[in-house]
Each structure stands twice: as C-alpha cells, then as structure tokens.
Amino acid sequence: MLVIKNLKASINKKDILKGLNITIKPGELHAIMGPNGSGKSTLANVLSGKNGYEISGELKYQGESLKEIPIEERAQKGIFLAFQYPTEIPGVNTNNFLRTSLNKVRKAKGEKELDTLSFLKLLKEKSSELGIDEKMLSRQLNVGFSGGEKKKNEILQMKILDPNLTILDETDSGLDIDALKTIADGVNSSRDKKKSFLVITHYQRLLNYINPDFVHVLSNGKIIKSGCMELAEELEKKGYKKIN
Amino acid sequence: MIENFKINSNEIDKIKKISKEERDFRINNLNFFNEKGFPNKRQEDWKFSDLREIVQKNFKKLNVNKVNSKVKKVNLIKDFDHNYIEVINGELKSSNFKYEETNKIKIKNFKNENFLQESKGNPLICLNHALSDKGYHIEIEDNYKLKKALIIYNVFTEDLKENILNSRNKIKIGKNCELHTIELVINDSKYKFINNVYENIILENNAVYKNICIQNEKNDGYFHKFSKNKLSSKSKYSSFIFPSGSKFNKLDLEFNLEGEDSECTLQSASFLNKDDHQEIKTNMNHLAPSCKSYQKVKNVLSSYGKGVYQGKIYVKDIAQKTNAYQLSKALLLSDNSEFNSKPELEIYADDVKCSHGATSGNVDEDSIYYLMTRGLNRKESVKLLIDGFLSEVVDMIKSNSIKKFVRSKLQRQIHGY
Ligand SMILES: Nc1ncnc2c1ncn2[C@@H]1O[C@H](COP(=O)(O)OP(=O)(O)O)[C@@H](O)[C@H]1O
Ligand SMILES: [Mg+2]
C-alpha cells in the first residue's frame, strides 16, 4: 500500500525528516509514536501532499510515486488525513461540505454522485455510529466545535470517504476515555484486508484499543526502533529518552 | 473624456409645474454643482473614490435629457409571493399591493415637498436637488403591518446611453407598522450611465423596517445614493445590502437614531472584481439614549476590484446607554485588488458601549489545505471559502425563501471567480 524509503523533508531550510523508512501492506495498522517535535505531523503532511516541503527519497502509494501528485488527487485516490488540529472554516456548512467532498471523491473514482437523500441516509448512519449529534452537522465546519467534536468529525469524514490509507495525526490527544473508545471503535470497524492505517500518537492509550500490527518510534526525523505492541508498553514505562 | 462638465439652467425649466420658490432652490443647487463639478479625492468624504477622475476617464459626454424608454414587461420573480412596484430609470411606473389592505398604503410619484433639503456640501446631492423630477413616495398608515414583502424592481433600460438620472424616493412607515422591502436592480443598459439617488426613510415610533438590496449583475452603471434615515422611538431598522458588479457604486448612508430605544442593523456582503469600485459610507448618529446600532461589512476582492468602507459612529452627549458596534472584514484574492477602511468614532456621552474592528487579509492557506485533502481542487476550495465568507451575512436573513433567493444570486456572482 505504502512504501517510504529514505524519506527526507525540510521546510524553510530546516531539516525535519532525515531518512525515514516504513512499508505498510494492505490490511496493516502501523502506529508511530514519538516526542513532540520529532516530525510526526510533518510526515502526515508530506503524505497528503502539503506544499512547501523539499522532499527526497521514495514515496510510493499503490505502486505509484506520490511526489508529483497534488493534494486533492491523493485524496481522490484514497489517502485520508485526520488532522491533529482540524481547521475551522467559517460560513461553510458541515453537512454540505461533507457531501461536496464525498462527491468529488466518488466522481474521481468513476462512481455516481450521491443525491441529497441517499447522502443524508449515509450521513445519518455514520454519525449515529459515532454518537454525533445531528445538530453539529448543520453548524459551520469545525467552528466552535469542542476538541472531541472536531476529532469525531474527522473520523466521520474517514467513515464517509472510505479511504484505502488513513493517517490519524494524534486523533487521540485531549480526548476523554469515552470519546477515545468511540474513535477506536470507528477505526476498528473500518479495518479490513484491503485497508491500511498509519496511526500517529503520543500515548499508548489508544493503541490498547486498536491493536497495531507494528509500532515505530520516531525521534528527530528518523525511525529509531520498530516492534510490536510491547514496544509501546515499554515506551509508556520508560519514556522516549531511554529508547534507542 | 469630458472636462468641465456644466449643466445649463434651462434644464430646470423643462421640469413642469414648479413654483418660483422651487425654481430658486433648484437653480441654487445647480449653481453649486456647476461651480464644484464632480467630487474629487481632495474632498475628505471622497478621498478613496475620486469620482471626478472616474467620470473624466470613462465618459465622453453626459446628457441630462429625459429618456423616454419603451419598457418591456419586467420579469417578476416567482420564488415567493410579494407586492411590487416597478421603477424604470428612476421613475415609478406601476404598483401592485394585491396582498394588502390598499387603503393603508399611499403610493405616488415623488413631489418635492420642502426646499430646505441639506446637501452636506456634496455636489451630487446638489445635482439631485436641482434636477430630480421622479421617484416614488410610499406611506404606510399607522398600525398596519404588511402581509407580504414589497419588491422594488429597479429597472435600467437598454437605451440609456451616457445619461445622468436623478431621482428621489421616500418611504414613511407609520407608528407600529411593519414593512419589508427587497430592492432588485435589473440592468438592461448596454452603455454607461450615472444614477444619482436621494432617499429618505422615516420610521415612526415602534415601526419595523427590513430591507434587502440586491444589485449584482455585471453592469456599466455608475451609482451614487445618499440615504437619510430617521429612526423614532423603539423603531427597528434592519438592512442587508448585497451590492456589487457596478463600475462605480457609492452608498452614503446616514442613520439618525432620534428616538430612545431605537435599533439599527446594517449588514453587507459584496464580491468585487474586474475593476468594480465600491464605497459604503455610513454615519450612524446616536442622538437619543439607549439605542443600538450594529454594522457588519464584508467584501471579497479580486482582479482589480476596489472596496472602501468609511464608517462613522457619532454619539451625542445625551445618548447615554448607547450600544454601537461596527466590523469590517475584507478578503483579498489578488495583489491588484484593494480595500480601504476608515472607522471614525466621535463620542460625547460617557455611558457608552462602542466597539469597532477591521480586518483584511488573503485567503487562509491552512483552510485551503484542509479542503484540498478532502478532494477539492484549489479553485473549488477558494470558491467554498468565498461562499462561506459571504454566507455569514446571508445566513442572518430570517426568511428561508428570501435567504435561498439571495444565496442563489450571490452564488451566480462568485461562480465566475
Ligand atoms: N513550517 C515550518 N517551518 C519551520 N519549522 C517547522 C515547520 N513545521 C514544523 N517545523 C518544525 O519541525 C519540527 C517537527 O514538527 P512536527 O512535524 O509538527 O512535529 P510533531 O508533530 O512530531 O510534534 C518541529 O521542531 C517544528 O518546530
Ligand atoms: Mg504533531
């Protein structure tokens, strides 16, 4: 699904990613843990195509190099990023936005656009799974949403767009235990043989609910250690400083 | 290119049935205009909108002759039931109040009724005092609430060519009355013309007036309107304006909150591009205690669009417990677009809540990134952001059918972005 080889990324002359390697196969869920400032969000942004980075190394998604592919096409090809800090967009109705977004993705896949009725049916189903109040969806996109609402809205978008590769950037940060479980359920119910996940997190907490296949430790722009769930537990006990 | 544009006083003699007093009034005003000419940027009120230069650049000649246009039938909108009047090149042509008790509503062609109208040293107002001979005059009798909105179809005909039109309108809303108007500008003119309006709106005690003004088809009109609004005790005035698409448009709006507990709201949303030049100037005069005013002006500017907002809040010494608010937000989509905002506060009372703010900036790149990661391309994302920016104003319209109508008009406008 995703092959990253010797990936380096810098912005404003600052080197952030310094030779990163990860391979994610279909059906796998990889967790990336790392201290603040280690380059986790940068990796997420580089994968979804954000402008402004200078990049070298190999970046392949479903066998195709991502480097020349613009942001929206990556999304249309099934890459989804749940933002660490979802952007507030005044005046844009959440509901309408979700529909526009889904239809862009469907159109790119050669599928028929959903009419209002079938979209609302889908939206109702997915939002009730996540315990999202329908009133929230008629509000302006992320504007005045609580931290938990913003994160749930990201997972809702994941559910609706049904991507092949999902990147979650600290979706668990700042959530209470109920919201955390809801989000873990959201991820678990989306997992199947064909779908892959890259779950960026700071804590072991979320991983207890979603069982990663692999755990990587990112520090100073490099993967310094890879393993499985035990590595996450070790990190939680000892802290990042002692790992190497 | 015209320079030294002067109007002969025999134009005034073409106006029928005027008294000696009225003739003198008109002549005086005409002399003032002829002396000053079109206002230019050396005048404080015009420093961002040099009309003299604009007129000189764009008009080869100007004529004040009456146009005797043949008018095709106006296409009435079908989106919601409404009363209407048809105003053709400033002249009232027909009215239809089929949803109302017609004895409660007086409507006639405007007649000059007093000759002490102030001009504020504005040559265009003087020009209007000198030459206007058309317009509408609507009066709502006390205690009558209209059942349906009144649409004012403001049509400019295709045979207008380098004309200056001068008209004046008056709406008087009696005690405890309620009137909603929607002003729709329909511009069939293929050529340049100037439309110069003097408007007078009076709200008696407890009256409610809601107004929506939509002017958004691209056109070659040059518009100036001076509007004088009186708010009596406990009256409420709310105005939404969606102007854009004109080569030049200056709205000079004066609100006099003369009665205690009166409230005035003004909200506008404009998309200005392709050399559109628009200025909104307001004078919000708090002249009595416990009044509220609220102003929100939003502009999106691209490709040589130019926007100006000059908003002044004046609070008289007796106007205690005033609550005045003013906000201007501009979104600049290209380097060659321009926005100027000049807030002014003049406060003589001490128990006053007054706030104002102005922001102007480019589209937010983080927002665009977010939208693009959801499958929209850059252009679609920007469009969605513009739409959102302007929708914040549209969403404040209470009636759903009217909101939908306004939204579709705005969307057509930004479609071509
Ligand atoms: N646009 C930028 N310009 C300069 N430095 C940046 C920029 N974005 C991120 N950085 C720096 O790169 C490092 C990694 O940032 P980030 O990827 O956000 O870390 P993480 O998500 O792991 O906390 C930090 O030191 C951060 O300050
Ligand atoms: Mg981060």
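Proteins come first, then strands; the chains are lettered A, B, ... in the order of their sequence lines, and each starts at number 1. Heavy atoms only: backbone and side chains are in, while hydrogens, waters and symmetry mates are out.
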(message) Donor-acceptor pair, distance only, cut-off 3.5 Å: does the side chain of B:Ser334 make one with the backbone of B:Ser303?
(response)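 The answer is yes, because a donor-acceptor pair under 3.5 Å joins these two groups.
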(message) Tell me if a side-chain donor or acceptor on A:Asn12 pairs with a main-chain N or O of A:Lys14 at a distance below 3.5 Å.
(response)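 Looks like no, no N/O pair under 3.5 Å.
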(request) Answer with side chain, backbone, both or neither: which region of A:Val92 has an atom nearer than 4.5 Å to a non-hydrogen atom of chain B? (result)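 Contact with chain B involves both backbone and side-chain atoms of A:Val92.
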(message) Is A:Pro86 close to chain B through its backbone or its side chain, or both, or neither, when contacts mean heavy atoms under 4.5 Å?
(response)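 When you check distances to chain B, atoms from both the backbone and side chain of A:Pro86 fall under 4.5 Å.
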(request) Spell out the residues in residues 45-58 of chain A that have some non-hydrogen atom less than 4.5 Å away from a non-hydrogen atom of chain B, in order of number; otherwise answer 'none'. (result)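 Checking residues 45-58 of chain A against chain B gives A:Asn45, A:Ser48, A:Lys50.
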Whether the [X] and [Y] side chains hold a donor-acceptor pair (N or O, under 3.5 Å, no angle test) is what I'd like checked.
X        : Y        : value
A:Glu72  : B:Asn377 : no
B:Glu178 : B:His180 : yes
A:Glu129 : A:Ser189 : no

Drop me the distance from [X]'s [atom1] to [Y]'s [atom2], to the nearest 0.5 angstrom.
X        : Y        : atom1 : atom2 : answer
A:His30  : A:Ile167 : NE2   : CD1   : 13.0 Å
A:Leu165 : A:Phe80  : CG    : CZ    : 11.0 Å
A:Asp172 : A:Ile210 : CG    : CD1   : 8.0 Å
A:Ile24  : A:Met1   : CD1   : CE    : 9.0 Å

(request) Taking heavy atoms only and a threshold strictly under 4.5 Å, list by residue number the residues of residues 388-397 of chain B that touch chain A; give 'none' if the list is empty. (result)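 Residues in range: B:Gly388, B:Phe389, B:Ser391, B:Glu392.
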Chain B: which of [options] shares the most heavy-atom pairs with it under 4.5 Å?
options                             : answer
A:Leu102, A:Asn96, A:Ile89, A:Asn93 : A:Ile89
A:Phe97, A:Phe83, A:Tyr85           : A:Phe83
A:Lys77, A:Lys107, A:Gln76, A:Arg74 : A:Gln76

(request) Quick one: list whatever passes side chain to side chain contact (heavy atoms under 4.5 Å, CB included) with A:Glu88, sequence neighbours left out. (result)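 Counting only residues at least two positions away or on another chain, A:Glu88 forms a side chain to side chain contact (heavy atoms under 4.5 Å, CB included) with A:Asn142, A:Val143, A:Lys150.
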(request) Kindly indicate whether the side chain of B:Asp276, heavy atoms from C-beta on, has any atom under 4.5 Å from the side chain of B:Lys218. (result)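 The answer is yes, as the side chains (C-beta and beyond) meet within the 4.5 Å cut-off.
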(message) Heavy-atom pairs under 4.5 Å with chain A: which of B:Arg378, B:Glu365, B:Glu380 has the most?
(response)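 Looking at each option in turn, the highest pair count goes to B:Glu380.
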(request) Applying side-chain hydrogen bond (donor to acceptor under 3.5 Å, both in side chains), name anything that partners B:Ser401, two or more places apart in sequence or on another chain. (result)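 By the side-chain hydrogen bond (donor to acceptor under 3.5 Å, both in side chains) rule, B:Ser401 matches B:Ser399.
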